[in-house]
Amino acid sequence: MVDEVFERLLRTRGIFKNREVLRSDFIPEKLPHREKEIRKLAEILAPILKGIRGSNILIYGKPGTGKTACIKKVIKKLQAKCEELHLNNTLCYVNCRISGTAYRTLSSIATSVEVEVPFTGIATGEVYNRILRGLRKMDGMLVITLDEIDTLAKNANGDKVLYELTRINENIGVGKVTLVGISNDLTFKEYLDPRVLSSLSEEEVLFRPYNAEELTDILKERAKEAFYKNALEEGVIEYCAALAAREHGDARRALELLRVAGEIAERKGDNVVTLESVDMALKTIEEDRYFESIRTLPLHSRLLLLCIFQKTQNNKRTTTGEVYQLYTTLCGELGLDPLTHRRASTLINELEVSGIILCKIVSQGRYGRTRRISLNIPKKILIRALKADPHLEGMLPEN
DNA sequence: CCTCCACTGGAAACCTAGGCTC
DNA sequence: GAGCCTAGGTTTCCAGTGGAGG
């Protein structure tokens with residue numbers, strides 16, 4: 001049987017010529033419909049080739065509008081040019097969401113100016129001082145790109161760190177550092193410290209969502225590289241583009257859709273990606289997203305979700321109080337210390353934010369105010385994901 | 001109109017696990 | 001080893017709050 005699988009794979013030419021091209025972190029040679037933006041970014045940053053600091057830039061736009069790809073592309077070209085001219089400029093890219101905290105963001109910057117910092121243990125201020133020291137020693141210019149800067153600005157120390165970064169040139173006494181901030185959140189400017197905002201947005205570049213035609217162009221461009229000739233049924237690209245355009249023109253989603261559709265077709269042993277495989281891809285992607293987000297939830301969140309599931313069987317809706325009561329008994333049975341009501345409330349809130357459950361705060365007059373909770377995803381997926389933990393398996397129905 | 005329920009959600013303190021410097 | 005620092009999760013405390021029932 002296994003041999004047969006191998007044989008089939010080897011016999012068919014397959015669908016993908018190079019599937020890496022469809023990954024979201026792949027930076028293609030051509031970025032259709034973003035020529036203007038790339039040009040503008042290049043113009044702003046170009047002065048560093050002459051040893052002059054470029055303006056700080058604030059880039060914003062919805063997810064999947066090409067912000068990261070464009071800046072990375074410009075950085076790459078700039079880096080190449082610097083090497084060609086033997087310039088000692090440093091271009092540093094940090095994703096604030098992935099680094100997670102203000103401290104780790106700073107420590108990434110420190111690394112790029114060749115300063116060693118421990119991954120924990122010293123004050124953020126100290127990391128900043130070490131960066132300053134590193135910068136004074138360095139003779140070239142530094143461009144710091146802070147991707148998903150909104151996540152940094154939102155956390156407590158983040159805005160302080162951001163403020164210090166915008167004043168970094170004053171602190172070292174020379175204009176050496178250019179900051180590029182990238183935000184997915186369009187309202188991000190509102191909660192930013194006005195001093196930071198004015199410094200950061202010396203230049204602003206707005207990325208509009210792609211429409212269906214633009215997405216089609218992007219997909220076509222990549223599909224040329226990614227798939228063999230005639231591997232796509234007529235209309236597949238347009239269909240992917242239309243589906244993604246419906247969801248605020250997210251190119252990342254469109255590419256993912258196309259890739260997964262290809263993988264589905266490949267696994268079936270087909271030589272062609274059909275419209276039907278796109279439909280299946282859409283479903284798979286959504287299910288996988290929920291499955292993963294549940295499976296990786298901390299234990300107590302999963303327990304609460306399990307309680308919500310049990311309380312909402314037969315289409316009933318439940319309340320925080322009911323869920324918490326069941327949760328404490330469940331913890332007793334499992335020999336766990338239950339979290340407090342307050343904490344559980346926050347965790348339930350988080351479950352809502354991730355889209356797994358739906359909550360509505362209702363007032364029942366004499367009977368108090370509470371959340372009315374219902375499930376927001378198919379039971380099947382929920383059960384499958386919770387069963388991934390052997391401890392919970394016994395508490396769930398067969399299917 | 002007033003009360004009062006069953007919470008919500010902000011704020012701050014506390015705890016743990018890591019690590020630095022002296 | 002003492003005395004600091006950090007992040008991140010959790011607890012403690014408490015001031016709200018919308019509206020059914022009196």
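Proteins get letters first, then strands, A, B, ... in listed order; numbering begins at 1 in each. Excluded from the calculations below are hydrogen atoms, water molecules and symmetry mates; all remaining heavy atoms, backbone and side chain alike, are included.
- Other residues, nucleotides and ligands contribute more than 12 heavy atoms inside 6.0 Å of the CD atom of Glu43(A).
- Nucleotide dT11(C) holds its P atom 9 Å from the CG atom of Asp337(A), rounded to whole Å.
- Mapping Gly365(A) and Ile361(A) onto DNA chain B by nearest heavy atom places Gly365(A) at the nucleotide closer to the 5' end.
- Atom CD of Glu352(A) is separated from atom P of dC7(B) by 17 Å (rounded to the nearest Å).
- In terms of position on DNA chain C, the residue among Gln364(A) and Arg369(A) whose nearest nucleotide sits closer to the 5' end is Arg369(A).
- A close approach under 4.0 Å does occur between a side-chain nitrogen or oxygen of Arg343(A) and OP1 or OP2 of dT10(C).
- Which of dT3(B), dC7(B), dT21(B) sits closest to the side chain of Arg366(A) comes down to dT3(B).
- In this structure, CG of Leu339(A) is placed 14 Å from C1' of dG8(C), rounded to the nearest angstrom.
- In terms of phosphate contacts, Asn349(A) brings a side-chain nitrogen or oxygen within less than 4.0 Å of OP1 or OP2 of dG9(B).
- Rounded to an integer number of Å, the gap from Leu106(A) CG to dC5(C) C1' is 15 Å.
- Each of dC13(C), dA20(C), dG18(C) was ranked by its minimum atom distance to the side chain of Tyr367(A); first place goes to dA20(C).
- The pair Glu35(A)-Arg39(A) fails the salt-bridge criterion, with no side-chain N (NZ, NE, NH1 or NH2) lying under 4.0 Å from an Asp/Glu carboxylate O.
- Side-chain nitrogen and oxygen atoms of Ser363(A) include none within less than 4.0 Å of the OP1 or OP2 phosphate oxygen of dG19(C).
- At dG9(B), one or more side-chain N or O atoms of Arg371(A) fall inside 4.0 Å of OP1 or OP2 (strictly under the cut-off).
- When rounded to the nearest whole Å, the span between CZ of Arg372(A) and P of dC5(B) equals 20 Å.
- In this structure, the CZ atom of Arg342(A) is 19 Å from the P atom of dA6(B), given to the nearest Å.
- Taking atom NZ of Lys360(A) as the reference point, atom P of dA6(B) lies 20 Å away to the nearest angstrom.
- Rounded to whole Å, atom P of dC20(B) lies 17 Å from atom CG of Asn129(A).
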Handout entry: Stepwise side chain to side chain contact (heavy atoms under 4.5 Å, CB included) test for Ile168(A) and Ile131(A)
Key = CA-CA 9 Å; Ile168(A) 202 161; Ile131(A) 291 173; 4.2 Å; yes
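- Between Glu202(A) and Arg53(A), at least one side-chain N (NZ, or NE/NH1/NH2) sits under 4.0 Å from a carboxylate O, which counts as a salt bridge.
- A pairwise comparison of heavy atoms in Val260(A) and Ala281(A) identifies CG1-CB, 3.7 Å as the closest pair.
- Proximity of Ser345(A) to the phosphate of dT8(B): a side-chain N or O atom is located under 4.0 Å from OP1 or OP2.
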